[in-house]
Amino acid sequence: MAKIELTRNPFIKNAIKSRYPQLAVFIVMLVGYIFAILAGLIGTPVGSHNFSIVFVWIAWWAVLILVAVPFFGRGWCAVCPIPLPGEWLQRGAVLSPPEKRPKWLNLRVPKMFRNIWLQNISFLLLALFSSVLLTTPNITGIVLAVMLFAAIGLSTIFERRAFCRYLCPVGGFIGLYSQTAPIELRIKDKQVCVKCEGKPCYNGSAAGYGCPWDVFPGGLTKNTYCGLCMECIRTCPHDNIAINLRPFSADLAKPSTRMDEAFKAFIMLGSAMIYAGVLLGPWGTLKDAAYGVGTGAWFIYAVVFLAIIFGILPGFFSLGLLKTKSNLPFKQRFASLSTALIPLGLMFWVAFSLSFVLTNASYILAALSDPLGLGWNLFGTANFAWQPMLTTILAPAQTLALVVGLIWSARTAQKSASEAGVSPLPIIFYSFVATSTMLWLLL
Amino acid sequence: MNPRFSLLLFMMAGMVVAFAPLPVPAVAPQARIFRIDARQYAYSASELEVNQGDTVIIRLVSADVVHGLYVDGYDVSVEADPGQSATLTFIADKPGSFRFRCNLTCGAMHPFMIGKLTVGNNNWLFRSIGLAMLAVFGVILSIKQKA
Ligand code: SF4
Ligand code: SF4
Ligand code: SF4
Ligand SMILES: [Cu+2]
């Protein structure tokens with residue numbers, strides 16, 4: 001299938017080249033983010049009536065996982081408010097580069113941290129506390145504030161967006177799953193880059209900043225680490241950057257061989273299954289354990305959680321691989337075949353979130369009118385009663401998501417297996433068992 | 001085989017797996033009485049099974065704060081004050097598996113205070129696994145065909 005270059009449309013192109021449309025969205029997002037922090041800290045402790053919980057974990061989460069990631073890849077990162085204050089500080093400007101750059105440390109992130117293991121860890125940390133995080137406004141407010149300040153702090157120590165690249169707990173999986181999206185930012189012509197002097201897309205120029213995500217746009221082959229910040233469209237003097245519509249999951253044709261990314265796939269797959277069981281299942285003991293942070297039951301829950309993600313899931317996966325013969329070293333086979341779990345995991349999250357979001361979406365209207373739970377009624381919707389939405393189509397929609405995910409994963413397995421010279425059957429069987437388990441948990 | 005034709009065939013097989021009517025075993029409808037204890041944030045019993053057509057009578061007893069019980073798909077609910085009980089009666093005429101959940105904010109984990117009611121067999125689960133099998137079979141066949 002051919003690609004369609006969106007930036008060929010002059011309206012889109014100009015809207016991106018100008019800094020103002022993006023700035024307008026940034027400001028709205030930043031105001032919303034700061035309001036969420038404040039609401040979490042000073043609003044009602046009742047989660048389902050607090051803006052921070054309802055807008056972050058229901059509204060934002062729904063948009064992120066059901067729309068933004070599957071269709072726009074890192075589209076969320078293009079408008080995310082978290083790195084902005086730090087970035088503005090680092091640049092000494094909100095819009096175009098200033099005459100004089102402020103003198104920050106501008107260090108390079110040490111090599112050992114230049115991977116997504118820290119993101120894996122930060123995600124897991126939040127995941128282990130998620131029952132409390134998802135339901136307690138205070139904690140959500142604190143976590144949001146910590147992310148904002150961590151991003152500011154890192155911006156003053158390291159160059160570019162160290163927080164986004166190496167620490168953000170959501171950035172890791174957005175990047176992993178952005179490979180499945182039907183949108184990409186790429187160069188148009190390699191030869192133009194080869195001859196390009198100074199490489200302003202990476203090094204910056206008067207027109208804009210060097211890639212904040214520390215990637216060289218000229219070498220982009222997958223979406224994972226391009227934050228769609230649009231800087232290179234502004235800086236490239238040869239108009240060599242394009243945003244393209246493309247077939248879904250185009251990046252998965254070139255499997256990654258990195259262990260940090262492979263484990264990200266297991267972490268996301270495992271967490272979706274555990275959440276489906278713990279949060280949406282009928283088992284009260286599990287909920288008590290997950291919510292009782294610090295208790296003995298919670299420690300057992302944490303150990304089991306980690307054992308599923310680092311032991312059981314990769315363990316059975318490896319067993320399937322051991323049977324296959326290949327010239328590739330085992331680690332490489334493991335990493336490249338785990339590519340099949342990327343679309344599978346994404347659709348697990350879609351199926352899980354459909355239930356969570358449709359059941360609780362009606363809180364959004366109420367929280368809009370009474371964001372702090374103080375009895376306000378700004379838009380007259382404060383007393384909108386809780387009502388699950390679309391309950392009749394929920395189960396079929398979940399089945400559809402999971403079966404599509406399974407087909408998608410099987411086809412990805414087939415491609416990466418043929419690349420590694422092994423049989424895809426064990427991986428396809430693995431995906432089938434995981435899908436059946438997820439069906440059982442959700443239906 | 002022509003790949004388009006195989007795809008069509010698989011779609012049709014999928015429709016059959018998803019929607020073909022199954023015989024409903026004829027069991028005389030009964031009245032089924034359950035006592036459900038509600039506390040923050042769990043029901044016990046939390047998994048109920050009845051036959052299609054049964055009259056379900058749930059006596060909800062709340063141990064701590066006000067709790068509700070709302071049945072997805074049936075859109076019926078009941079509320080029990082602390083230490084009190086309340087009764088919900090409805091006819092389980094729709095087959096399948098349904099979550100029931102607390103519909104009165106009762107504390108932090110309230111949105112996840114959930115139980116499960118299964119009416120008849122949970123056929124949709126078996127149909128879904130059938131669809132998953134069919135999907136796997138289809139992909140493997142298409143790989144074999146290409147090879
Ligand atoms: S990586 Fe995280 S902080 Fe950075 S833009 Fe994406 S979501 Fe925002
Ligand atoms: S500035 Fe443009 S032409 Fe030069 S290397 Fe970057 S993308 Fe290529
Ligand atoms: S500068 Fe270009 S390559 Fe770098 S993150 Fe922004 S959009 Fe992506
Ligand atoms: Cu409740």
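Residue numbering restarts at 1 for every chain, and letters A, B, ... go by the order of the sequence lines.
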B/D72 side, atom CG; A/S355 side, atom OG - distance, nearest 0.5 Å =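 Between atom CG of B/D72 and atom OG of A/S355 there are 8.0 Å.
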Heavy-atom contact with chain B under 4.5 Å, split by part of [X]:
| X | value |
| --- | --- |
| A/I53 | neither |
| A/L406 | side chain |
| A/L442 | backbone |
| A/I139 | neither |
| A/Q387 | side chain |
| A/P137 | neither |
| A/S431 | neither |
| A/S131 | both |

Would you mind telling me which of [options] has the largest number of heavy-atom pairs within less than 4.5 Å of chain B?
| options | value |
| --- | --- |
| A/A413, A/A395, A/G47, A/S418 | A/A395 |
| A/T359, A/I428, A/T435 | A/T359 |
| A/L400, A/L134, A/I407 | A/I407 |

Would a 4.5 Å heavy-atom cut-off, applied to side chains only, mark [X] and [Y] as touching?
| X | Y | answer |
| --- | --- | --- |
| B/F126 | A/L443 | no |
| A/T135 | B/F112 | yes |
| B/S128 | A/V403 | no |

For [X] and [Y], work out which heavy atoms get closest and say how close.
| X | Y | value |
| --- | --- | --- |
| A/W440 | B/K116 | O-NZ, 4.3 Å |
| A/P388 | B/Y70 | CG-CE2, 3.4 Å |
| A/L279 | B/I114 | O-CD1, 3.6 Å |
| B/P111 | A/N360 | CB-OD1, 4.2 Å |
| A/W386 | B/C102 | CH2-O, 4.5 Å |

[X] side-chain N/O to [Y] backbone N/O, donor-acceptor pair under 3.5 Å:
| X | Y | result |
| --- | --- | --- |
| A/K287 | B/Y41 | no |
| A/R411 | B/V139 | no |
| B/S46 | A/W283 | no |

Given the options B/M109, B/K94, B/R101, B/R39, which has more heavy-atom pairs under 4.5 Å with chain A than any of the others?
->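 Winner by heavy-atom pair count: B/M109.
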Which of the residues B/S44, B/A135, B/A42, B/A132 is involved in the greatest number of heavy-atom pairs with chain A at under 4.5 angstrom?
->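 If we count pairs closer than 4.5 Å to chain A, B/A132 comes out on top.
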Could you look at B/L131 and say if it's the side chain, the backbone, both or neither that has a heavy atom under 4.5 Å from chain A?
->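 For B/L131, heavy atoms of backbone and side chain both lie under 4.5 Å from chain A.
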Under a 4.5 Å heavy-atom cut-off, does chain A meet the side chain of B/N122, its backbone, both or neither?
->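 For B/N122, the side chain is the part near chain A, not the backbone.
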Atom [atom1] of residue position [X] - does it have more than 12 heavy atoms of other residues, nucleotides or ligands inside 6.0 Å?
| X | atom1 | result |
| --- | --- | --- |
| A/F429 | CZ | no |
| A/F316 | CZ | no |
| B/Q52 | CD | yes |

Take the angle between the ring planes of B/H110 and A/Y363 and call it parallel below 30°, perpendicular above 60°, tilted in between.
->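 Correct class here is perpendicular.
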Flag for A/T399-B/W124: side-chain donor and acceptor within less than 3.5 Å |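 A pair is found: one side chain offers a donor N or O, the other an acceptor, under 3.5 Å apart.
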